[in-house]
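Beneath this line is the structure, given in structure tokens, with notes to follow.
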Amino acid sequence: MASVGPSVASSQPALPSGPAVFKTIPYAFILPEILCGTWVWILVAATSVSFPLLQGWVMYVSLTSCLISLGLLLSYLLGFHRNSENWKVLDSLYHGATAILYMSAAVLQANATIHSEFNVNGPFNYQLNSAASFFAFLTTFLYILHAFSIYYQ
């Protein structure tokens, strides 16, 4: 007996591969996440790190997230997912957990920025820390958008 309606597998959108990754939401967020995250660790590394524990966590989160996101982007570009639904779950869990970690890093970076305002090294470190805080919160927002937009496909 033939089924009348479409099958469940055909109603799910296919996961993108190749250049289509850059045109498909939420996967198009991966490259901006990597770029903004790279700016976070470059800007923090350019400062004279006055609070090594705080900014060390910021560096760890931003560098690790950047490398894992780059690996995830490459796996989508090369089609390693083979259109498996498990990749959506992995992608959503990774981006949700990373959004939480990035939020903690952004708050710690903002705290370091506040403390560097009256530092001896003056406005240059404050401006670098401010820019790092901005990009940390922007990256957090991108990770949150990515994690939640998977559910609205």
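As the structure is a prediction and not an experimental result, all values here were calculated from the model.
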Using modelled atom types only, decide if a donor and an acceptor are shared between the side chain of [X] and the backbone of [Y] within a distance under 3.5 Å.
X	Y	answer
Ser75	Leu72	yes
Ser104	Leu101	yes
Thr64	Val61	no

Query - Note, Asn129 side chain near Gln109 side chain (heavy atom, < 4.5 Å) - result: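 Side chain of Asn129 against side chain of Gln109, heavy atoms only: contact under 4.5 Å found.
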**Report entry** His146 side chain near Asp91 side chain, heavy-atom distance below 4.5 Å
**Finding:**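 His146 reaches Asp91 side chain to side chain.
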hydrophobic_cluster_shared for [Y] and [X], side chain cutoff 4.5 Å:
X	Y	value
Leu67	Leu90	yes
Leu128	Tyr126	no
Ile100	Val107	no
Leu31	Trp87	yes
Val89	Ile30	no

If every non-hydrogen atom of [X] is compared with every non-hydrogen atom of [Y], which pair is closest and at what distance?
X	Y	result
Ala132	Val44	CB-CG2, 3.8 Å
Ser65	Thr98	OG-CG2, 3.3 Å
Ser62	Trp41	OG-CB, 3.2 Å
Ala147	Gly96	CB-N, 3.6 Å

Requested in this report: Would you check if there is a donor-acceptor pair between the side chains of Thr113 and Ser133 at a distance under 3.5 Å?
Outcome: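 Distance-only check passes for Ser133 and Thr113.
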Query raised in the report: Can a donor-acceptor pair be found between the side chains of Asn125 and Ser116 at a distance below 3.5 Å?
Result: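 Note: Asn125 and Ser116 side chains miss the donor-acceptor criterion.
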First locate atom [atom1] of [X], then atom [atom2] of [Y], and finally report the distance between them rounded to the nearest 0.5 Å.
X	Y	atom1	atom2	answer
Leu54	Asn111	CG	CG	5.5 Å
Glu33	Ile68	CD	CD1	12.0 Å
Trp57	Leu108	CH2	CG	9.0 Å
Leu43	Gln127	CG	CD	11.5 Å

Exercise answer: donor-acceptor pairs, residues 134-144 side-chain atoms, under 3.5 Å, sequence neighbours excluded:
unit_1: Thr139; atom_1: OG1; unit_2: Phe135; atom_2: O; d: 2.6
unit_1: Thr140; atom_1: OG1; unit_2: Tyr102; atom_2: O; d: 3.3
unit_1: Thr140; atom_1: OG1; unit_2: Ala136; atom_2: O; d: 2.8
unit_1: Tyr143; atom_1: OH; unit_2: Ser69; atom_2: OG; d: 2.8

